[in-house]
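Below, chains carry the letters A, B, ... as their sequence lines are ordered, and counting in each starts from 1.
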Amino acid sequence: METREVVLPGELIERKGRKIGKGVYAENDRVFAKVLGIPRIDEDEVSVIPLSGVYIPSVGDRVIGIVTQVEISGWSVDINSPYTAFLPLSEGVDFFVDVTRTDLSRFFDVNDVIFCRISRVTKSKIVQVSMRDLGSRKMRDGIIIKVTPSKVPRIIGKGGSMINLIKNKTGCDIVIGQNGVIWIRGERKDKAIEAILTIENESHVIGLTEKIEKMLGG
Amino acid sequence: MEELYTLELIEKGKRVDKRRFDEFRKVEIKEGIIKKAEGSASVRIGETEVTAGVKLDFGKPFPDSPEEGMLIVNAEFTPLASPDFESGPPGEDAVELARIVDRGIRESNCIELEKLCIAPAEKVWSVFVDIHIINHQGNLLDASALASLVALLNTKIPKLEDDKILRGEFERNLPVVFKPINITVCKAGNSLLVDPSFEEEKILGAKLSVCVRDDDRVCALQKQGNKELSLEDIEKMIDVAIEKSKEIRSLIR
Amino acid sequence: MKTREKLIVDGKRLDGRLPEQLRTIEMKTGVVTRANGSALMKFGNTIAIASVHGPRALFPRHLQESETCLLRCRYNMAPFSVDERKSPGPDRRSVELSKVIRLALEPTLFLEDFPRATIDVYVEILQADGSTRVAGINAASLALADAGIPMRDLVAACSVGKISGTLVVDLTADEDNNSEADLAFAMLPSKKKITLLQMDGILTKEELNKLLKLAKDSCEKVYETQKKVLKEKYKRVE
């Protein structure tokens, strides 16, 4: 693995005609880092991957949320972000419900954990989530832990290699939300948690896969 | 849900950070870190960090104790230390903590206040202990009491010249004769645990803070949390606190 | 102007420094684990800690702004940070300093990225030996970067002034109290844009220009240490 230099906000990034991605800003045709992170120069785009920061919702993200309030026509959902999301009734269940006669807690109640998708984000960051697609569901049993959202790609690994390693070695069911919330179910969940937290804390260490493999045994 | 996991582990006799129930996190004590103060200490218990500073000033004694110095303990839960702390005057948690620390120091008679008289009924030394929370990861009380005690132990009384305090020049050490140690014991199912982490504190509603002097006498108690305790619980908790206080006291220079 | 004693003897200051020499600088990030970002900064005996909470939801709701994020700062001195115990809580000085610190940081932030939210910056002075507001700004800038907050640049700050007729940088409390002039200064170091400028005392225009140049050079030195500390924290380890 190649060692890449960390850049600070305000540091110049080589552009060479590429487009401007996330974590950078342009000023007088020059491009600078906007966050503390690792620069990434793709074929047609420059960006900086942040090393820290809270989760800011973006349409299409798959997240794990916790229902905080049952409302008249939907649910408020905590998505581990400065912004609370709303799950409208029509995006939560796919059949007709007469809201004048039904208490929506029948479907999702306070403290229920749901795997859902960010479906809309307005300019002032009013956020809507949806469960009308494959994979969205209420998560039963299990526990959740939170990690720094920017560490999620490292925990998943290239093509899911890291998370599959943990699943295979511990036999746990694990679902990762892009908002840094991770759901885990299984007998050996303490091992899985230990591995995930190690990756979070040592994400900058080279040879992490081997270390996790050793940690989980065999 | 994180809380459920913490609870699930505790029911199995385990802790998230793998400690035994009667085990403290690593305790680190640093002394004399604030040169502007007459005494100071920083205590870390795991990632919890508290700084205590002692300032000495003139005070007018109370009429009923005209020859005794005065003790004032104050705690600031700075909003820096936790997303749950807010700016503004001390809230009930900060005031309660300061008062528990105050009682442990006062009732143990660890400071010889009668040796702090400058002019009877007129002028005595006031000992201000200020507790500043830097990072809140649980068990602030035990950390604050320990930081306050260590700060008092290294406090020096300034020299006087023409009735003025010469800051930075000292006459003698503050007379401190006991080392009262505060130990908070939590009820977890049928067992007891010490030094609760932030997550453990949130779910353990039955706690007792016990302040123990060097001669194993108990000098202050405070039942904490919103759950009840039995007499048997209390008896056991005090035993645990007395035992544990020896270990923590031995860490002080 | 009270000039209690000579503050410069044989071209050196009472702590042995040359006029244009900063005190020993110490910086460390991640000191408050419950915050999104944090840092400690020392100029000699002056110790400042800053932590950043946010961006986070802002309540009560009527404070929310639909197009931008609120930045709130609080500068506070520990009661034991000074010779005569400071009684806890805000006074007029700390209210003003909280405001100028906020304004020193605001130009570097992309607040519009977080509509309706708030970023809270808390600065605690554990020991005050002069230059506390600029130490607080340096710590706050590191804490913001550590928190992953989008910024145009870091912010570097320092104090300069005139003591016993000599222009100096990084004043101690003793020098500050007996100075002919003192000036607090902050800038976005790679943009060379000034975000804090406060001065009190008497200076000629030439002296002022020279001091501003000294302040800029000193901020560049501070910036070098800030960069080093942030990069080292995240250095990849073999």
By residue number, those in residues 80-96 of chain B with heavy atoms under 4.5 Å from heavy atoms of chain C are B:L80, B:A81, B:S82, B:P83, B:D84, B:S87

Residues 119-129 of chain C vs chain B, non-hydrogen distance cutoff under 4.5 Å, contacting residues -> C:Y122, C:E124, C:L126, C:Q127, C:A128, C:D129

Looking only at heavy atoms, the pair that brings C:H53 and B:P79 closest together is NE2-O, 3.2 Å

From the list B:V54, B:T78, B:N135, the residue making the most non-hydrogen contacts under 4.5 Å with chain C is B:N135

Contact list (residues 70-87 of chain C to chain B, heavy-atom gap under 4.5 Å, by number) returns C:R74, C:N76, C:A78, C:P79, C:F80, C:S81, C:V82, C:D83, C:E84, C:R85

Taking every heavy atom of B:E49 against every heavy atom of C:V31, the minimum-distance pair comes out as OE1-O, 4.5 Å

Enumerate, atom names and distances included, each donor-acceptor pair closer than 3.5 Å involving a side-chain atom of residues 133-147 of chain C, sequence neighbours excluded.
residue, atom, partner, partner atom, Å
C:R133, NH1, C:Q198, OE1, 2.7
C:N138, OD1, C:A157, N, 2.7
C:N138, ND2, C:V134, O, 3.2
C:N138, ND2, C:A157, O, 3.0
C:S141, OG, C:V155, N, 3.0
C:S141, OG, C:V155, O, 3.1
C:D146, OD1, C:K233, NZ, 2.8
C:D146, OD1, C:Y234, OH, 3.2
C:D146, OD2, C:S38, N, 3.0

Honestly, the part of B:K55 sitting under 4.5 Å from a heavy atom of chain C is side chain

The interface call for B:D57 against chain C, heavy-atom contacts under 4.5 Å, is side chain

* To do: State whether the number of non-hydrogen atoms from other residues, nucleotides or ligands found under 6.0 Å of B:R172 atom CZ is greater than 12.
  => yes

Heaviest contributor of heavy-atom pairs below 4.5 Å to chain B, chosen from C:I49, C:N45, C:V32, C:N36, is C:V32

Interface check, chain C: of B:L56, B:I33, B:T51, B:I165, most non-hydrogen pairs under 4.5 Å belong to B:T51

If you tally heavy-atom pairs under 4.5 Å between each of C:A35, C:G89, C:S51 and chain B, the highest tally belongs to C:S51

Around atom NZ of B:K202, are there more than 12 heavy atoms from other residues, nucleotides or ligands closer than 6.0 Å? yes

